[in-house]
Amino acid sequence: MSKYYLTDFLVEPRYSHFSDSLRLLGRHLFQAIKECLEGALSPYWQYLRVCTERNIFIVGGALRNLALMKPVKDWDLLVDCNDPNEVRLLSRQFCDFAKASWVVLDKERGFYRAVFTQINVEIDFCTRQGKNILEDLQERDFTVNALAYSLKDGALYDVDSGLADIGNHKLAIVSPHSLTNDPLRALRAVRFCLAHSLTIDAQLESKIAHFLRSGLKNIAGERIAAELS
């Protein structure tokens, strides 16, 4: 896993192992994150920095969209602990502070949502899966979603080649088991390719086609409908 700071992307080209395109993308992403953290939701991000000693990460689709210069309405936050009850209390306290509606998504796994109806923004809180941030990111679907930004130290965590794949508009799975663990990801891959103009190699395309033919029949209709919507 790579760990980046903004300063990493400001290094002179002759001293950096990044390509010019990746260096520009890294600068853009950190600038986009900075603008969001200092924007309309700034008081809430600041609250999250000081309300707990736990590290809180912005993860997944929000970072992907910022890198692709697309708007973000849904934020996913990972709380660096494995106690769902702790995340329940944290998310409830946050909603009380922010005057947002509190929604229970999955009590057992510790997934909760803060809904800001007036500004059409949702912030999801989730409990860390695995022993650390690396193990959590390794269980995600695609490399473009396996990114995490720490609100504590301002570092960007990239489990594999997520940032480079965003720059190359490439869709790649995080691990060989990504589709096996959840065949619905095959349908998500098609949606991502269409929504974000991503390309996939022939081998992954064949795997996706296989799971679309054989794997979706074992997925609950509600999950498929939610993915399509």
Side-chain angles (χ1 to χ4, degrees), residues 1-4 33 45 48-49 51-67 72 74-95 102-115 122-163 165-166 171-189 191-192 204 207 211 215-216 218-220 222-224 226-227:
M1 180 173 66
S2 300
K3 184 178 180 181
Y4 302 126
I33 293 172
W45 300 125
L48 289 169
R49 287 193 181 102
C51 70
T52 177
E53 294 182 355
R54 299 289 189 184
N55 204 345
I56 297 178
F57 298 92
I58 300 173
V59 295
L63 297 174
R64 179 199 65 230
N65 279 16
L66 289 176
V72 178
D74 303 318
W75 297 85
D76 293 327
L77 301 182
L78 183 146
V79 182
D80 196 14
C81 76
N82 58 6
D83 182 359
N85 189 56
E86 185 175 339
V87 178
R88 178 183 67 84
L89 293 173
L90 176 67
S91 63
R92 189 61 186 267
Q93 290 169 358
F94 173 81
C95 287
W102 185 64
V103 180
V104 179
L105 299 178
D106 188 329
K107 185 177 180 179
E108 288 189 6
R109 292 198 299 165
F111 289 5
Y112 300 90
R113 174 171 293 166
V115 180
E122 296 178 349
I123 298 178
D124 287 355
F125 292 78
C126 61
T127 307
R128 187 194 67 228
Q129 308 298 303
K131 298 177 181 178
N132 50 47
I133 184 63
L134 172 60
E135 289 192 5
D136 185 280
L137 293 178
Q138 286 177 327
E139 292 301 316
R140 294 179 180 268
D141 47 13
F142 307 109
T143 58
V144 296
N145 292 331
L147 299 171
Y149 175 83
S150 168
L151 291 176
K152 290 285 188 184
D153 65 6
L156 178 70
Y157 294 77
D158 185 345
V159 73
D160 188 10
S161 57
L163 194 59
D165 287 346
I166 289 174
L171 187 73
I173 53 178
V174 173
S175 77
H177 310 295
S178 291
L179 297 180
T180 305
N181 291 344
D182 186 358
L184 185 64
R185 290 170 173 174
L187 184 60
R188 188 174 304 154
R191 179 168 65 82
F192 280 177
L204 179 55
K207 290 181 179 179
F211 279 98
L216 291 183
N218 299 317
I219 301 296
E222 292 83 1
R223 290 193 65 208
I224 294 177
E227 185 68 36

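Along the sequence shown, residues carry numbers from 1. Predicted, not measured: the structure shown is a model, and the values here were computed from it. These numbers come from the heavy atoms of this one structure, side chains and all, not from hydrogens, waters or symmetry mates.
In this structure, CD1 on I173 lies 8.0 Å from OG1 on T180, to the nearest 0.5 angstrom. Rounding to the nearest 0.5 angstrom, the gap separating the CD1 atom in I166 from the CG atom in D158 is 8.0 Å. The structure places CG of L89 at 8.5 Å from CG of D83, a figure rounded to the nearest 0.5 Å. Rounding to the nearest 0.5 Å places CG of L48 at 10.5 Å from OG of S91. A distance of 8.5 Å separates CG in N85 from NZ in K107, rounded to the nearest 0.5 Å.
Residues L204 and L171 come closest through the heavy atom pair CD2-O, 3.4 Å. Heavy atoms only, all atoms of each residue included: I133 and A148 are closest at CD1-CB, 4.0 Å. The two residues Q138 and V174 have their closest heavy-atom pair at O-CG1, 3.5 Å. Minimum interatomic distance between A62 and V72 (heavy atoms only, all atoms of both residues): O-CG2, 3.6 Å. Taking each heavy atom of V87 and G110 in turn, the nearest pair found is CG1-O, 3.7 Å.
Remark: R191 engages E227 in a salt bridge (Lys or Arg N to Asp or Glu O under 4.0 Å) (not counting sequence neighbours). Partners of N145 by side chain to side chain contact (heavy atoms under 4.5 Å, CB included), not counting sequence neighbours, listed by chain and number: R64, D141, F142, F192. N181 is linked by a side chain to side chain contact (heavy atoms under 4.5 Å, CB included) to E139, H177, R185, counting only residues two or more places apart in sequence or in another chain. Applying the side chain to side chain contact (heavy atoms under 4.5 Å, CB included) criterion to N55, with sequence neighbours excluded, gives F57, D80, S150, K152. Scanning for ring pair (Phe, Tyr, Trp, His ring centres under 6.0 Å) contacts around Y4 gives F9, F18, with sequence neighbours left out. Residues forming a side chain to side chain contact (heavy atoms under 4.5 Å, CB included) with D165 (at least two apart in sequence, or on another chain): T143, V144, S161, K170, A172.
In this structure, L77 and I123 have side chains that are in contact, with non-hydrogen atoms separated by less than 4.5 Å. Taking 4.5 Å as the limit, some side-chain heavy atom of W75 sits within range of a side-chain heavy atom of I58.
Looking only at distances, no side-chain donor or acceptor of R54 sits under 3.5 Å from a matching main-chain atom of I56. Between the side chain of Q129 and the main chain of T127, a donor-acceptor pair closer than 3.5 Å is present. In this structure a side-chain-to-backbone donor-acceptor pair under 3.5 Å is missing from R128 to L78.
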Go through the steps for L63 and I33 under the test side chain to side chain contact (heavy atoms under 4.5 Å, CB included), then give the verdict. CA-CA 8 Å; L63 297 174; I33 293 172; 3.8 Å; yes
Check step by step if side chain to side chain contact (heavy atoms under 4.5 Å, CB included) holds for L134 and V159.
-> CA-CA 7 Å; L134 172 60; V159 73; 3.7 Å; yes
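The existence of a salt bridge linking D76 and R140 is excluded, since no basic side-chain nitrogen approaches an acidic carboxylate oxygen closer than 4.0 Å.
Screening W102, F111, F94, Y112 for a ring-ring contact (aromatic ring centres under 6.0 Å, His included) with F125, the sole residue that qualifies is F94.
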